[in-house]
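Notes to accompany the following structure.
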Amino acid sequence: MRVGVYPGSFDPMTLGHLDIAERGASLVDKLIIGVLENSSKKPMFTVEERVRMLREGTKHLPNVEVCPFSGLLVEFLKEHNATIVVRGLRAVTDFEYELQLAQANRNLYPAMETVFLTTNAQYSFISSTVVKDILHHGGSVEHFVPQKVIEIINQIRRNQHGSSDGN
Ligand code: PNS
């Protein structure tokens with residue numbers, strides 16, 4: 001069985017991530033979406049919230065699982081008997097970082113390969129950073145993230161307001 005891992009911060013999940021997950025899932029028997037827990041970037045959403053977004057957003061994909069991970073990606077691969085890493089490339093600006101990551105990972109674990117999928121052009125301007133900025137300024141992200149993710153974000157915000165109102 002060919003197992004792939006699609007790793008990332010997914011803070012939050014976007015339509016671009018969904019596109020890569022759908023296409024990545026068609027290339028392997030099982031695709032595990034690995035959600036980085038201990039990112040050096042301070043995330044807007046907790047790992048539990050990000051995992052929930054991905055689980056809801058990929059519910060229609062029967063061979064996709066979503067798991068949090070911490071530590072080295074190659075250890076996560078070994079743990080799940082995975083040898084393929086799927087990553088999306090939006091533009092040439094992504095390339096240098098992705099090349100470094102792929103080469104470092106292969107140096108640590110020569111049995112693995114990184115497969116790059118070029119982002120569908122309609123999503124190439126979308127990034128989690130842009131989404132966070134729009135959310136921060138109170139704008140609408142309906143053209144940037146899956147509908148399920150909008151519902152989860154709205155729910156999180158209602159809970160936050162609810163708990164701050166109660167204090
Ligand atoms: O969505 P991101 O933040 O670009 O994803 C980056 C990610 C999670 C793929 C990368 O930071 C990662 O694999 N982190 C785990 C730690 C690791 O293995 N580092 C060594 C590879 S350079």
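Indexing begins at 1, ligand by ligand and atom by atom, following the structure's order. The residues of the chain are indexed from 1 along the displayed sequence. Here the structure is a predicted model, which is why all the values come from computation and not from measurement.
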(request) For ligand 1, find out whether one of its N or O atoms is nearer than 3.5 Å to an N or O atom of Asn105. (result)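 Between Asn105 and ligand 1, no N or O pair is found under 3.5 Å apart.
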
(request) Return yes or no for this condition: an N or O of Ala104 is under 3.5 Å from an N or O of ligand 1. (result)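 Not met; the criterion fails.
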
Check contact between [X] and ligand 1, using heavy atoms of the residue and a distance below 4.0 angstrom.
| X | answer |
| --- | --- |
| Glu75 | no |
| Tyr97 | yes |
| Gly71 | yes |

(request) Could you tell me whether Arg52 and Glu49 have a side-chain N and a carboxylate O separated by less than 4.0 Å? (result)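 No.
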
(request) Salt-bridge test for Lys148 and Glu151: reply yes if a basic N is under 4.0 Å from a carboxylate O, no otherwise. (result)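 The answer is no: the pair does not qualify as a salt bridge.
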
(message) side-chain contact (heavy atoms from CB on, under 4.5 Å) for Val51 and Met53? Distances and angles first, verdict last.
(response) CA-CA 5 Å; Val51 164; Met53 288 172 192; over 6 Å; no

(message) Under 4.5 Å between side-chain heavy atoms, counting indirect links through other Ile/Leu/Val/Met/Phe/Trp/Tyr residues: same cluster for Phe76 and Val115 or not?
(response)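 Not linked; separate clusters.
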
(request) Please identify which atoms of ligand 1 are closer than 4.0 Å to at least one heavy atom of Leu101. (result)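 So the answer, numbered in order with elements, is 9 (C), 22 (S).
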
(request) Answer with yes or no after comparing the ring centroid distance for Phe144 and Phe125 against a 6.0 Å cut-off, counting only values under it. (result)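 Between Phe144 and Phe125, the centre distance is under 6.0 Å.
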
(request) For a side-chain contact (heavy atoms from CB on, under 4.5 Å) with Leu77, tell me which candidate from Ile84, Thr83, Val3, Val85 qualifies. (result)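 Only one of Ile84, Thr83, Val3, Val85 forms a side-chain contact (heavy atoms from CB on, under 4.5 Å) with Leu77, namely Val85.
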
(message) Just to be sure I read this right, does ligand 1 sit under 4.0 Å from the backbone of Arg87, its side chain, both, or neither, counting only heavy atoms?
(response)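 For Arg87, the contact with ligand 1 is made by the side chain alone.
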
